[in-house]
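Atoms considered below: every heavy atom in the structure, side chains included; atoms not considered: hydrogens, waters and symmetry mates.
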Amino acid sequence: MSDVTPVMAPPLSNRELRADSVDSTEWFGTAVLDSPVVVGKSSEIRSASRILAVLQAMNREPYSTIQSLHEATGLPKPTLVRMLKTLEAGGFVSNDRRQAGYQITSLVTSLSNGFHGDPLVVEAGRAWAMKLNSEYKWPVAIGVFDGEAMVVRFSTVHDSPVSPFHATINMRLSLFTRALGRAYLAAISDDQIAELIANARGSDELEPPSARDPAFVERMVRTVRERGYAMRDAHVEPRSSDTIAVPIFSRGTVQASIGITYFRSAMNSFGSHTKFVAALKHAAEGIGAEVDRLQIARGYQNS
């Protein structure tokens, strides 16, 4: 400008590691099968097996490319292109240039309980994020909690003419210093926050130890809750920009957070602080309502 033991996707170009996990605050996903799909001898069985092989390979990583699927399945690239077009036409796969490649959609849950694509909240939030970007020009991102960080799962960076960043998809952000992380942190219980602080000790990957000091975190969380929105820590680079973020709730449970990033020197050129906060809160409410609608329409419930 986001536990069941995490299932880490293998590192791929332009991607950060991602883990799917399950918890009361809102986690998504279950472990995927590691056994390969056996290709049958008849053309009918072979075609079905190939489709299953593609879906299974896509389950193992948050985003897939023709090349990564070719390497994972051994299928010819022209065959993969035809299969992906078929799956896309059926609504099981999406291909959004704002993200890193092809991904399965939550419609896969109509086939099984093994959905590992984007959380429903990201699917529900795309249109809202794009609307905010269109109105204010600054990039908008949706972050999802991932173990001990927030991971950017959707971003309008490529649609923004004034973005401070070139790319943010799959970027891992601190819960304690970044706006998307702080918005999520302030929306969970104090006991859960204490557990996250304890789990983060000894790791300086995303923030210095001082940012996880219990007294510091308590003051920060109290400020975010009183304001109703979060801001990026002023000492975090790049200091030329800032981010405002709010949590996204569905049925009383925090699902993710949404934020808008802008150059501090140009704040009033494309909207004001007050307008950003109001617009983000409106979008968060709309996304939460859309998550509820999609869950009912598709018979999908997070556990």
Side-chain angles (χ1 to χ4, degrees), residues 1-2 96-99 118-119 121-146 149-187 220 223-250 254-291:
M1 340 194 125
S2 78
D96 193 328
R97 67 181 180 82
R98 300 171 186 82
Q99 297 182 294
D118 268 351
V121 65
V122 178
E123 191 172 331
R126 287 192 184 100
W128 286 95
M130 292 166 64
K131 182 177 183 295
L132 284 175
N133 181 92
S134 176
E135 183 173 358
Y136 294 105
K137 310 307 178 187
W138 297 111
V140 177
I142 297 175
V144 175
F145 181 67
D146 186 12
M150 295 299 287
V151 176
V152 177
R153 298 308 310 272
F154 184 79
S155 172
T156 65
V157 162
H158 294 297
D159 298 303
S160 172
V162 286
S163 174
F165 303 104
H166 295 294
T168 57
I169 287 295
N170 284 342
M171 182 181 291
R172 294 178 65 81
L173 303 176
S174 167
L175 292 167
F176 306 100
T177 63
R178 300 286 184 161
L180 289 173
R182 287 179 162 186
Y184 184 93
L185 200 68
M220 179 270 291
T223 298
V224 173
R225 288 172 176 170
E226 290 174 352
R227 288 177 174 175
Y229 63 90
M231 299 283 293
R232 187 200 304 165
D233 188 299
H235 299 95
V236 172
E237 297 292 348
R239 300 190 186 187
S240 60
S241 65
D242 211 339
T243 302
I244 301 173
V246 300
I248 300 171
F249 291 93
S250 174
V254 62
Q255 307 283 310
S257 53
I258 182 171
I260 188 168
T261 299
Y262 55 89
F263 284 114
R264 291 171 178 169
S265 60
M267 159 61 92
N268 294 322
S269 299
F270 300 93
S272 66
H273 186 281
T274 302
K275 287 184 178 179
F276 286 165
V277 172
L280 285 169
K281 288 184 175 181
H282 178 66
E285 291 177 1
I287 295 170
E290 179 64 5
V291 170

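Of all heavy-atom pairs spanning Tyr136 and Ile260, the tightest one is CB-CD1, 4.1 Å. Nearest approach of Ala283 to Ile258, heavy atoms of both residues: CB-CD1, 4.4 Å. Of all heavy-atom pairs spanning Leu180 and Gly259, the tightest one is CD2-N, 3.5 Å. Here the closest heavy-atom approach between residue Arg172 and residue Ala149 is recorded as NH2-CB, 3.7 Å. Across every non-hydrogen atom of Phe145 and Leu175, the tightest pair is CE1-CD1, 3.6 Å. Taking both residues in full, the closest heavy atoms of Ile287 and Ala124 are given as O-CB, 4.0 Å, listed atom of the first, atom of the second, then distance.
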Could you check His273 against Met231 for side chain to side chain contact (heavy atoms under 4.5 Å, CB included), going step by step and ending with a plain yes or no?
CA-CA 11 Å; His273 186 281; Met231 299 283 293; 3.7 Å; yes

Start with the C-alpha distance between Ser155 and Met171, add both sets of side-chain angles, then the distance that settles side chain to side chain contact (heavy atoms under 4.5 Å, CB included), and finish with yes or no.
CA-CA 10 Å; Ser155 172; Met171 182 181 291; over 6 Å; no

Using the rule given for side chain to side chain contact (heavy atoms under 4.5 Å, CB included), can you reason through Asn133 versus Glu135, listing the C-alpha separation, both sets of side-chain angles and the distance that settles it, and then say yes or no?
CA-CA 5 Å; Asn133 181 92; Glu135 183 173 358; over 6 Å; no

Does the side chain to side chain contact (heavy atoms under 4.5 Å, CB included) test come out yes or no for Leu185 and Phe176, once each step is laid out?
CA-CA 8 Å; Leu185 200 68; Phe176 306 100; 3.8 Å; yes

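In this structure Lys281 satisfies the side-chain contact (heavy atoms from CB on, under 4.5 Å) test together with Val246, Val277, sequence neighbours excluded. Contacts of Arg225 classified as side-chain contact (heavy atoms from CB on, under 4.5 Å), with partners at least two apart in sequence or in another chain: Ala186, Asp190, Ile193, Val221. Remark: Ala230 engages Arg182, Ala183, Val224 in a side-chain contact (heavy atoms from CB on, under 4.5 Å) (not counting sequence neighbours).
For the atom pair CZ of Arg232 and CG of Leu173, the computed distance is 9.0 Å after rounding to the nearest 0.5 Å. Within the model, atoms CH2 of Trp138 and OG1 of Thr243 stand 11.0 Å from one another, a figure rounded to the nearest 0.5 Å. For the atom pair OG (Ser257) and CD1 (Ile248), the distance works out to 6.5 Å, reported to the nearest 0.5 Å.
Asp146 places none of its side-chain heavy atoms less than 4.5 Å from the side chain of Arg153. Within the 4.5 Å cutoff, the side chain of Glu290 has no heavy atoms near those of the Ser250 side chain. Within the 4.5 Å cutoff, side-chain heavy atoms of Val122 are placed close to those of Val144. Taking the side chain as every heavy atom from C-beta outward, Leu280 and Ile244 approach each other to under 4.5 Å. The shortest distance between side-chain heavy atoms of Tyr184 and Val254 falls below 4.5 Å.
A ring-centre distance under 6.0 Å is not found for Phe276 and Tyr229.
When the options Met130, Lys137, Lys131 are evaluated for a side chain to side chain contact (heavy atoms under 4.5 Å, CB included) with Thr156, the one that passes is Met130.
With respect to Asp233 and Arg178, no salt bridge is recorded, no charged nitrogen being found less than 4.0 Å from a carboxylate O.
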